[in-house]
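Excluded from the calculations below are hydrogen atoms, water molecules and symmetry mates; all remaining heavy atoms, backbone and side chain alike, are included.
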Amino acid sequence: MNNTAIVSPRAFLTYLNNGQCPGLPQVKYSLMLYDYTLYKWLRDKYRAEKVGGFTTSCALINRKLLLCCGFGIGSPAAVAAAEELIAAGIKRIVSFGTAGGIAPDAGLGDVMVCNGALKDEGTSAHYIPEGRYSYPAVALTREMEGHLRKEFPDLKTGKTWTTDAPYRETTEKLLQFLDEDILTVEMEASALFTLGSFRNVEVAVVLVTGDLVLPEGWIPGFMNENVVKIVEKVTSAMVESLVEIR
């Protein structure tokens, strides 16, 4: 059986750009974002230069960090966007978004660096079908933890549950995954970790708890003023550390 893909990300970008694939080998990191308002805020704050050639919105800060947004949510969308970044030469990808806290002690605005993800989504199976969990790059994850712990001494590290079906987060599954010491639920981490392993690039995931998904019910907090401020503070801390802004 021939498992070689017929269409490659590089071939698609080359077609999209009239015969030339975008190349960003000098860029050290890409920060993937799921909230366009946050992307625009960062782009304006750090005077990022817009970068074309991708199906997503991209902007470059200090020639070192590429912001990427505008691709939607969920594993298929995030992996397709990350494939384009990898095809352009980027080797380190940090995904940042909100997650649902499922642990009994979870609070709105908790900051977490993810050290493993349960694969309850469909994208990973097309890359590496084996394994119930996928894992981030150790070095990049430790780097992000080191940067963020300076600003957030209560930073958590832990596992997340990645699902394609946010409206099927059942009590049965919740209780099962709590027994496995999973702290959050979201929609992209496990597939991005799997992609990183498959493509031999470093991937890390940072999360802020934007809602609570508990056996007794759902507590939303995405628009909570404190949560919004923490999200902005986390992204600023990451950007300023990664591009060495002083």
Side-chain angles (χ1 to χ4, degrees), residues 1-97 117 119 121-129 134 136-137 140 162 164 186-206 235 238-239 242-243:
M1 181 181 294
N2 187 347
N3 288 321
T4 303
I6 297 169
V7 182
S8 72
R10 185 174 183 83
F12 176 71
L13 285 181
T14 300
Y15 168 76
L16 191 68
N17 291 279
N18 299 314
Q20 186 171 358
C21 182
L24 298 169
Q26 80 282 6
V27 177
K28 291 188 175 182
Y29 305 91
S30 180
L31 178 60
M32 295 180 65
L33 302 166
Y34 302 85
D35 181 340
Y36 192 81
T37 300
L38 180 63
Y39 165 80
K40 187 177 183 300
W41 178 77
L42 287 171
R43 189 189 68 195
D44 294 345
K45 179 178 180 179
Y46 296 104
R47 299 179 182 178
E49 177 187 355
K50 292 183 181 179
V51 175
F54 300 92
T55 61
T56 60
S57 297
C58 294
L60 190 59
I61 301 175
N62 281 18
R63 299 183 180 180
K64 293 182 179 180
L65 174 65
L66 186 75
L67 303 177
C68 178
C69 190
F71 47 85
I73 60 173
S75 292
V79 165
E83 284 274 37
E84 292 186 13
L85 299 176
I86 295 167
I90 290 174
K91 301 294 186 183
R92 299 180 187 90
I93 297 171
V94 179
S95 170
F96 174 66
K119 299 193 291 186
E121 39 76 25
T123 305
S124 289
H126 295 280
Y127 288 84
I128 302 175
S134 59
L140 183 58
T162 305
D164 284 335
E186 44 63 61
M187 299 180 66
E188 297 88 17
S190 64
L192 287 171
F193 292 159
T194 301
L195 174 67
S197 296
F198 185 84
R199 296 292 187 197
N200 195 29
V201 299
E202 295 184 66
V203 177
V205 169
V206 177
T235 48
M238 288 192 291
V239 168
L242 295 175
V243 301

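- Side chain of Asp35 to backbone of Thr37: a donor-acceptor contact under 3.5 angstrom is found.
- In this structure the side chain of Leu31 never reaches within 4.5 angstrom of the side chain of Ile61, judged on heavy atoms.
- Leu13 and Gly53 make their closest contact through CD2-O, 3.6 Å (heavy atoms, listed as atom of the first residue, atom of the second, distance).
- Side chains of Val205 and Pro136 form no contact here, defined as non-hydrogen atoms less than 4.5 Å apart.
- The line from OG1 of Thr235 to OH of Tyr39 is 13.5 Å long, rounded to the nearest 0.5 Å.
- Residues Leu140 and Tyr29 have side chains in contact (heavy-atom distance under 4.5 Å, counting atoms from C-beta outward).
- Contact of the Ile73 side chain with the Glu188 side chain is registered, since non-hydrogen atoms from C-beta on lie closer than 4.5 Å.
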#### Entry: Working for side chain to side chain donor-acceptor pair (under 3.5 Å), residues Glu84 and Thr55
CA-CA 8 Å; Glu84 292 186 13; Thr55 61; 2.6 Å; yes
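- You'll find the ring centres of Phe71 and Tyr34 inside the 6.0 Å limit.
- You'll find the side chain of Val203 stays beyond 4.5 Å of the side chain of Leu195, heavy atoms only.
- Taking the side chain as every heavy atom from C-beta outward, Leu66 and Leu24 approach each other to under 4.5 Å.
- For the atom pair CG of Leu192 and CD of Glu186, the computed distance is 8.5 Å after rounding to the nearest 0.5 Å.
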### Task
Evaluate side chain to side chain contact (heavy atoms under 4.5 Å, CB included) for Phe193 paired with Thr162, printing each intermediate quantity in order.
CA-CA 11 Å; Phe193 292 159; Thr162 305; over 6 Å; no
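- Summarising the geometry of Glu83 relative to Pro9, their closest heavy-atom pair is OE1-CG, 3.5 Å, with the distance given to 0.1 Å.
- Between Val79 and His126, the closest side-chain pair of non-hydrogen atoms is not below 4.5 Å.
- A heavy-atom distance below 4.5 Å is not found between the side chains of Ile90 and Val201.
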### Message
Determine whether Ser75 and Thr123 satisfy the following criterion, side chain to side chain donor-acceptor pair (under 3.5 Å), listing intermediate values before the conclusion.
### Response
CA-CA 6 Å; Ser75 292; Thr123 305; 4.7 Å; no
### Task
In sequence, state the C-alpha distance, the side-chain angles, and the governing distance for Lys119 and Glu121, and then conclude on side chain to side chain contact (heavy atoms under 4.5 Å, CB included).
CA-CA 6 Å; Lys119 299 193 291 186; Glu121 39 76 25; 4.0 Å; yes
